[in-house]
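Data block below; observations after.
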Amino acid sequence: MDFSGFNLNFLSKLLTTGVSLLATWNPSEQHAKCLSLKSSLALDNTTILDVSYVSAGTTVRPYGTPHESCMKKAHISAPLCRVQFSTATSATSAVRGEAWLPDEWYGRFLGLGNGGLDGCMYYNELDYGSALHFATVGTNNGHDGRVGHPFLGNEEVLNDFAFRSIHIEAVIGKQIVAEYYGRPHAKAYYIGCSTGGRQGTQTALKYPEDFDGIIAGAPATDFNRLLHWAGTLSRYVGAPNINSAPTFITPELWKFVAQEILNQCDGIDGVVDGIITEPDACEFRPEELLCDGNGNSKCLTRLQVEALRKIYSPLYGNGELIYPRFDPGSEGISPLLFAGKFPLSTTDWLKYAVLNTSDFDFSEYGPQHGRLMDDINPGGIATFDGDFSAFRDRGGKFLTYHGRGDPLIPSGNSKRVYDLVARTLGPASLDAFYRLFLVPGMGHCKDGPGAARFGQLGGQNAVNASAHNVLLALVDWVEGGMAPDTIIGTAEDGATRVHCRYPQRSIWDGGAYVCEE
Ligand SMILES: *[C@@H]1O[C@H](CO)[C@@H](O)[C@H](O)[C@H]1NC(C)=O
Ligand SMILES: *[C@@H]1O[C@H](CO)[C@@H](O)[C@H](O)[C@H]1NC(C)=O
Ligand SMILES: *[C@@H]1O[C@H](CO)[C@@H](O)[C@H](O)[C@H]1NC(C)=O
Ligand SMILES: [Ca+2]
């Protein structure tokens, strides 16, 4: 990534102090100041593991082994001071983090989230933030690696994962920033997707003072039920015993299903382009694919059709909605839930955080396990609460987005959370502080046939202006009071599309997509 030409026009004007600071610091002074942090930083419960001054264009080693850090390389675009630390959160748990402090700092703090059940420091995100002149901090979420085994028998590690690591990131990170630059940050931001979206949501609810602006992408909210939904969908097609499952649908057949869904629903939005703008308007009829006895191999049995009907219906239990349905149009992007394995997140969460065992036979999995996850709700991880009043009242801005072709977390859940917040806080519009952008044709956090690049994580290669970049848009909102009405995304082929904020709809007016009430 090269952001050297980035011209944060409006933004840099707002924070000219950041620029004058530069002028008074020469590189050798900065270098020396950086290295002195090793001994000058005295932070509660915190050990400074390493401090180094790194020049632009270099590649450095992630902390620990590749398995622990989840990434093999750490690329550095902007010259910066790299601080590695570890903060004890209890007698049996710790959060390890890194602060990347760019030479050219505009006074902003940026916290990063995690993904899945990890445990991973995302060095490409530290690079993204620091190249945009944010003092950027990420953590390992309280444990290393991608699996849930560290939760077994350690409630404090669970607490770090469920709600604490982002708070530590904010509290400790801000102190490191203030010590290095000699003054506190002006505004604090957060960006994350998936589990990172849930962490951002949890932080707004539980620690509303930590951030002035939060970007929560495809949030894994109502977490226990989400994992139950994912496990249940994989069971519909036979996981974990697909060899004996008459309902299993091969990857080859999924392509055929995906095409049939497009045949039925692509044109509803007025344009046949491989993108279903509003999946909720698609009433997919899988029976069209039933074998007719004419020896056609590209067809489905009655049991497979039955499985599809369940997959594309909301999940109910005891008459209550448990989770919205799988978005039609997502299956072409990545049919992970249907590959035959029971999903890893559900597997590890149920075993290590809920049942407290390393041994469980997932052919026994059923609705009772969903209820158990929900009842125990380890660490209060659910994150399904509409009371954002404390965050709103302290002036916080919340920007959330969700791909309409997300095969791992249904976009309907973000609508559901929006409606919950609206109901909880009263009938007035949420527009003043909470905006949800729905992104047609985008998969999980990124990718897909849609205009899926708009400066979010995984879609960093966006045009360098607030209208095209959610992070810069959030800065304009927090610092300039200019709320984003739309976000313009860019597709792989360079085409752009305006993404609308819920409850507005994206409508084809014959020449372009526009947003309408
Ligand atoms: C960013 O935008 C400015 C104009 O606003 C332009 O001069 C610069 O080259 C752009 N940088 C990149 C990396 O696209
Ligand atoms: C340090 O850790 C202890 C418990 O391990 C906690 O009670 C205390 O609040 C922590 N200090 C800070 C500043 O977080
Ligand atoms: C597993 O351990 C946690 C934490 O001690 C506890 O809350 C939970 O109830 C246990 N699960 C079961 C099924 O007993
Ligand atoms: Ca279409």
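Indexing begins at 1, ligand by ligand and atom by atom, following the structure's order.
Of the angles at the Ca ion (ligand 4), the one spanning O of Val271 and OD2 of Asp269 is 120° when given to 10°. The Ca ion (ligand 4) is the vertex of the angle joining OD1 of Asp273 and OD1 of Asp266, which measures 80° to the nearest 10°.
Using a cutoff of 4.0 Å between basic side-chain nitrogens and carboxylate oxygens, Asp50 and Arg82 are not scored as salt-bridged. The pair Glu179-Lys38 does not count as a salt bridge, with every side-chain nitrogen at least 4.0 angstrom from each carboxylate oxygen. Under 4.0 Å is where a charged nitrogen must lie from a carboxylate oxygen, and between Lys351 and Asp359 no such pair does. Contact check on Arg164 versus Glu156 returns a salt bridge, with a Lys/Arg side-chain nitrogen under 4.0 Å from an Asp/Glu carboxylate oxygen.
Aromatic ring centres of His402 and Phe437 lie farther apart than the 6.0 Å criterion allows.
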As a test of reading the model: which N/O atoms of the protein lie under 3.5 Å from N/O atoms of ligand 2, and at what distance?
unit_1   : atom_1 : unit_2 : atom_2 : d
ligand 2 : 2 (O)  : Asn45  : OD1    : 3.4
ligand 2 : 2 (O)  : Asn45  : ND2    : 2.3
ligand 2 : 11 (N) : Asn45  : ND2    : 2.9

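Side-chain contact check for Ile168 versus Asp160: every heavy-atom pair is 4.5 Å or farther apart. Annotation: side chain of Leu436 is in contact with side chain of Leu438 (closest heavy-atom distance under 4.5 Å).
Here Ile276 fails the criterion, with no N, O or S atom under 3.0 Å of the Ca ion (ligand 4). At a threshold of 3.0 Å, the Ca ion (ligand 4) has no backbone or side-chain N, O or S atom of Ile268 nearer than that distance.
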Quiz item: Given the rule in the salt bridge (Lys or Arg N to Asp or Glu O under 4.0 Å) test, do Glu169 and Lys174 qualify, once you have shown the distances and angles that lead to the verdict?
Solution: CA-CA 8 Å; Glu169 169 177 281; Lys174 288 172 185 177; over 6 Å; no

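Looking at ligand 3, you'll find an N or O of Val354 within less than 3.5 Å of one of its N or O atoms.
Relative ring orientation between His167 and Tyr207 is described as parallel, the plane-to-plane angle staying below 30° on a 0-90° scale split at 30° and 60°.
Interface atoms of ligand 3 facing Glu155, defined by a heavy-atom separation under 4.0 Å, are 4 (C), 5 (O).
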